[in-house]
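Working notes, structure below.
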Amino acid sequence: MEDDLKRAVEFHGHMCPGLAIGYRVAKYVKSHYRRSEDEELVAVVENNSCSVDAIQQMLGCTFGKGNLMFIDNGKQVFTFHHRGEGRAIRIYFRDDILQEIFSAGRDEEARSRAIEAILSAPDEAILSVREVAIPEPPRARIYPSIKCQECGESFMEISGRVVNGKIVCKECFSRMT
């Protein structure tokens, strides 16, 4: 097992088809871009599956740094933008291999075969890659914190809501409306 894959498995907690998908995507991206030390590389992921853990660990794209963005489209699609280079690539993990993975279910032998297929296939057999034009993603912003006038917990000011004349967090807003 390659060192990058070992570290991704350690980060995620186990090997599975989803992590293998993310590993292959991240490995491809690493061959075209440098790992993000700060916010240079931005990943826009369209799913919240195990694959995203490999993206975080291998490429340095994280929610905390603001260079990992999630759009819930339920697709194994990943777009990467490198700030300063003005270009982005969109990677779609092909349907045919996904069908094999989904048919594996909880059958460990079938899952192992799916993982092996993902790890050994040539890039062009599993990845559809194209350059795309997207606006440069915004840099992470740091917002001031304020206290919820209902529960007393601090939250980012931009996430506040007003109800009954009080500035409250989203959680309290949901309970109060």
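Keep in mind that the numbers below use all heavy atoms, side chains included, and drop hydrogens, waters and symmetry copies. Numbers here are sequence positions counted from 1.
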For the side chain of Arg111 and the backbone of Pro17, is there at least one donor-acceptor N/O pair under 3.5 Å apart?
-> no
Nearest heavy-atom contact between Ser36 and Lys65 is O-NZ, 3.2 Å
Flag the pair Glu10 and Lys6 as a salt bridge only when some basic side-chain nitrogen lies within less than 4.0 angstrom of an acidic carboxylate oxygen.
-> no
Non-hydrogen side-chain atoms of Arg90 and Val129 separated by less than 4.5 Å | no
Distance, nearest 0.5 Å, that separates CD1 of Ile126 from OH of Tyr92 | 12.5 Å
Kindly give the heavy-atom pair with the smallest separation between Lys30 and Met58, and that separation in Å.
-> CD-O, 3.8 Å
Check whether Ile91 and Ile118 end up in the same hydrophobic cluster, where Ile, Leu, Val, Met, Phe, Trp and Tyr are linked by side-chain heavy atoms less than 4.5 Å apart.
-> yes
Between the CG atom in Leu19 and the CG atom in Leu5, the distance rounded to the nearest 0.5 Å is 6.5 Å
Calculate, to the nearest 0.5 Å, the distance between atoms CZ and OH belonging to Arg83 and Tyr33 respectively.
-> 12.5 Å
Determine yes or no for a side-chain-to-main-chain donor-acceptor pair under 3.5 angstrom, with Asn47 supplying the side chain and Gly74 the backbone.
-> no
Can you tell if the side chain of Arg87 reaches within under 4.5 Å of the side chain of His82, non-hydrogen atoms only?
-> no
Any side-chain heavy-atom pair from Phe93 and Val77 closer than 4.5 angstrom?
-> no
Quick one: CD1 on Ile158 to CD1 on Ile142, what's the gap to the nearest 0.5 Å?
-> 13.0 Å
Donor-acceptor pair, side chain of Arg113 and main chain of Glu108, under 3.5 angstrom | no
Would you kindly confirm whether Phe11 and Phe78 end up in one hydrophobic cluster when ILVMFWY residues are joined by side chain heavy atoms under 4.5 Å apart?
-> no
Can a donor-acceptor pair be found between the side chains of Asn73 and Glu46 at a distance below 3.5 Å?
-> yes
Smallest heavy-atom separation, Ala20 atom then Met15 atom, equals CB-CE, 3.9 Å
Do Asn164 side-chain atoms and Lys166 backbone N/O form a donor-acceptor pair below 3.5 Å?
-> no
Short N-O contact, Lys27 and Asp123, less than 4.0 angstrom | no
Test side-chain contact (heavy atoms from CB on, under 4.5 Å) applied to Leu41 and Val29, step by step = CA-CA 10 Å; Leu41 182 62; Val29 172; 4.2 Å; yes
Within-4.5 Å side-chain heavy-atom neighbours: Asp53 and Cys50 = no
Heavy-atom check, side chain of Arg161 versus side chain of Ile167, under 4.5 Å | no
Donor-acceptor pair, side chain of Asn67 and main chain of Gly60, under 3.5 angstrom = yes
If two hydrophobic side chains count as joined below 4.5 Å and joins carry through other members, does Met176 share a cluster with Val162?
-> no
More than 12 heavy atoms from other groups under 6.0 Å of CD on Glu171 | no
Do Glu2 and Tyr23 have a side chain donor and acceptor closer than 3.5 Å?
-> yes
Test item: His14 and Val9 side chains (from C-beta on) under 4.5 Å apart, heavy atoms = no
Side-chain contact, heavy-atom cut-off 4.5 Å: Leu59 with Phe80?
-> yes
Can you find a side-chain donor-acceptor pair between Gln76 and Ser51 that sits under 3.5 Å?
-> yes
Leu119 atom CG: more than 12 heavy-atom contacts under 6.0 Å = yes
Is Val44 reachable from Leu68 through a run of I, L, V, M, F, W or Y residues, each pair having side-chain heavy atoms under 4.5 Å apart?
-> no
Heavy-atom side-chain contact between Cys169 and Cys151 under 4.5 Å | yes
One should read off an interatomic distance between Lys170 NZ and Phe155 CZ, to the nearest 0.5 angstrom, of 10.0 Å
Would you say Met156 has more than 12 foreign heavy atoms packed within less than 6.0 Å of its CE?
-> no
Can we say Lys147 and Glu153 salt-bridge, meaning some charged N sits less than 4.0 Å from an Asp/Glu carboxylate O?
-> no
Rounded to the nearest 0.5 Å, the CZ atom of Arg94 sits from the CD1 atom of Ile21 at a distance of 13.5 Å
Does CZ in Arg34 sit with more than 12 non-hydrogen atoms of other residues, nucleotides or ligands closer than 6.0 Å?
-> no
Which pair of non-hydrogen atoms, one from Gly22 and one from Ile55, has the smallest distance, and what is that distance?
-> O-CD1, 3.8 Å
When clusters are formed by joining ILVMFWY residues with side-chain heavy atoms under 4.5 Å apart, either directly or through shared neighbours, do Ile71 and Met69 land in the same one?
-> yes
